[in-house]
Amino acid sequence: MEAINDSPRLSEEPPQPQDRLSPEELKRYDRQIGPGVLTVAGQERLKRASALITRVGGMGGPAALMLTMGGVGRVVIAHGGEMISPDLNRQVLGSEPDLGKPRAEQFSAYLRTMNRFVEVEAIDHEPDDAEALELARQVDLIIACPPTFAERLRLNRAAVSAGIPFIDAAQWGMTGTLVVVQPGQTACLECLYPAAPPFEELFPVVGAISATIGSMAALEGIKILSGEGQPLWGQLLSYDGRQGRISQINLQRRADCDCCGNL
Amino acid sequence: MKIQIVVTGRGYDAAETLPNELTLADDASLEQALLALEEYFPDDRPLPPTCLLAVSGRHLGTVSQFQSITLREGDELTLIAPVAGG
């Protein structure tokens, strides 16, 4: 398989003194620094990295939580509306006392309690085209977890335009998929879906698959942002929990893709 | 020859009545495999046109537009109906 460059934006920036890990941070991340996990340099790359996760429901919630706990320096979450009871079969960032309260505000407050070394920002709505692009230019990675293809394709387009890696995490019932995109080097989401396929916003879902796929997305994000491990560049990974089956597909770019065909 | 069938993604429950493998003529094409498979789907729940197609891990397009290939004994035909739930 052709070598894929890791996040060029991160590697271009030399570490500054404030990017070094403090003794407290080294203690916090002690269990994830060492053989088979991250190097100190990788953990420091995480510290000076940023990620946008939208939305932060069943999948985006665990993804944001794992990035925050893992030490990504700046975590930006976007999610509109208020918590409702049906969220709670899969929402890990909120609980019963949060019902009726604004999701973004509650979830960001919870994330801050999990890691004081991470800056957490909240956006209380779903970004439109212009805002998605503006946000993409301010972060190093986007993880897309919205319930519609229209939003996913918008975020994919923003990431491709900004030249940053993009992870699409999706689910239905007891199954889920991940697509990991390096713009200009691998297929993007629009290579797969030139037009948004039909999809229902109120889809069936079991919380265990949400957390599984969200955590897998976070792991891909940690590998990409730390520069450690082998990200699933250009792959679609499907985990069918009901049938107990994992499939992996090498995605092909489309030369006529409106989004990335010119890269 | 026999090929393995994996159907997953949105509406995978419709696939629970499908066989795990198909018996096809030697050197059958991907189109022939899809035609054979369609017979197992309920009339009101056909394969969606946006369903992704792959053979033994190789992405070939969607049900409505794909690169045709000749199948080989033991190939795995994967169909993933798009999912977007968050």
Side-chain angles (χ1 to χ4, degrees), chain A residues 54-61 79 90 144-153 168-177 187 189 191-205 209-210 213-214 234-236 238-243 245-254, chain B residues 2-22 30 33-34 37 40-42 44-72 74-86:
Chain A
T54 175
R55 304 179 197 187
V56 281
M59 284 184 309
H79 202 140
R90 63 195 183 284
C145 306
T148 68
F149 277 106
E151 278 183 69
R152 291 174 184 278
L153 290 169
D168 183 74
Q171 65 188 15
W172 192 95
M174 293 188 189
T175 189
T177 60
L189 197 63
C191 289
L192 277 66
Y193 308 120
F199 199 79
E200 68 274 41
E201 189 144 354
L202 293 177
F203 54 91
V205 59
I209 193 73
S210 312
I213 301 297
Q235 304 274 310
L236 182 149
S238 166
Y239 175 49
D240 186 329
R242 186 166 168 116
Q243 299 185 70
R245 190 177 316 208
I246 293 175
S247 306
Q248 205 164 329
I249 295 174
N250 295 311
L251 298 173
Q252 301 299 311
R253 294 188 70 187
R254 273 193 312 110
Chain B
K2 290 184 176 177
I3 65 167
Q4 306 301 309
I5 304 296
V6 175
V7 179
T8 185
R10 181 187 182 208
Y12 58 73
D13 51 310
E16 290 180 341
T17 58
L18 299 183
N20 288 326
E21 62 180 24
L22 276 181
L30 180 53
L34 290 175
L37 198 59
Y40 290 92
F41 278 82
D44 60 340
R45 294 184 75 177
L47 279 169
T50 51
C51 191
L52 297 179
L53 282 182
V55 172
S56 297
R58 180 180 168 199
H59 177 212
L60 295 168
T62 62
V63 164
S64 65
Q65 187 175 8
F66 60 88
Q67 177 190 344
S68 188
I69 62 167
T70 300
L71 299 172
R72 300 285 176 235
D75 270 342
E76 184 177 87
L77 170 57
T78 304
L79 300 105
I80 302 180
V83 297

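In what follows, every heavy atom counts, from backbone to side chain, and hydrogens, waters and symmetry copies are set aside. In what follows, chains are A, B, ... by sequence order, proteins preceding strands, each numbered from 1.
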A.B. asks: What part of B/Val55 lies closer than 4.5 angstrom to a heavy atom of chain A: side chain, backbone, both or neither?
C.D. replies: neither
A.B. asks: So for A/Pro197, is it side chain, backbone, both, or neither that comes closer than 4.5 Å to the heavy atoms of chain B?
C.D. replies: both
A.B. asks: I'd like to know which of A/Val56, A/Ile213, A/Leu251 tops the heavy-atom pair count under 4.5 Å against chain B.
C.D. replies: A/Leu251
A.B. asks: Show your working on side chain to side chain contact (heavy atoms under 4.5 Å, CB included) between B/Ile80 and A/Leu236 and close with a plain yes or no.
C.D. replies: CA-CA 10 Å; B/Ile80 302 180; A/Leu236 182 149; 3.5 Å; yes
A.B. asks: Which one of A/Ala170, A/Pro194, A/Ala187 has the most heavy-atom pairs closer than 4.5 Å to chain B?
C.D. replies: A/Ala170
A.B. asks: Show me the donor-acceptor pairs under 3.5 Å between chain B and chain A.
C.D. replies:
residue: B/Val7; atom: O; partner: A/Gln243; partner atom: NE2; Å: 2.9
residue: B/Thr8; atom: OG1; partner: A/Thr175; partner atom: OG1; Å: 3.2
residue: B/Thr8; atom: OG1; partner: A/Asp240; partner atom: OD2; Å: 2.8
residue: B/Arg10; atom: NE; partner: A/Glu200; partner atom: OE1; Å: 3.0
residue: B/Arg10; atom: NH1; partner: A/Pro198; partner atom: O; Å: 3.1
residue: B/Arg10; atom: NH2; partner: A/Glu200; partner atom: OE1; Å: 3.0
residue: B/Tyr12; atom: OH; partner: A/Met174; partner atom: N; Å: 2.8
residue: B/Glu16; atom: OE1; partner: A/Arg242; partner atom: NH2; Å: 3.3
residue: B/Glu16; atom: OE2; partner: A/Arg242; partner atom: NE; Å: 2.3
residue: B/Glu16; atom: OE2; partner: A/Arg242; partner atom: NH2; Å: 3.2
residue: B/Gly57; atom: O; partner: A/Asn250; partner atom: N; Å: 2.8
residue: B/His59; atom: N; partner: A/Asn250; partner atom: O; Å: 3.4
residue: B/His59; atom: ND1; partner: A/Gln252; partner atom: N; Å: 2.9
residue: B/Ala84; atom: O; partner: A/Arg152; partner atom: NE; Å: 3.0
residue: B/Ala84; atom: O; partner: A/Arg152; partner atom: NH2; Å: 2.6
residue: B/Gly85; atom: N; partner: A/Gln171; partner atom: O; Å: 3.0
residue: B/Gly85; atom: O; partner: A/Arg152; partner atom: NH2; Å: 3.1
residue: B/Gly85; atom: O; partner: A/Gln171; partner atom: N; Å: 3.0
residue: B/Gly86; atom: O; partner: A/Gln171; partner atom: NE2; Å: 2.6

A.B. asks: When only pairs under 4.5 Å are counted, which of B/Gly85, B/Pro48, B/Pro49 shares the most heavy-atom pairs with chain A?
C.D. replies: B/Gly85
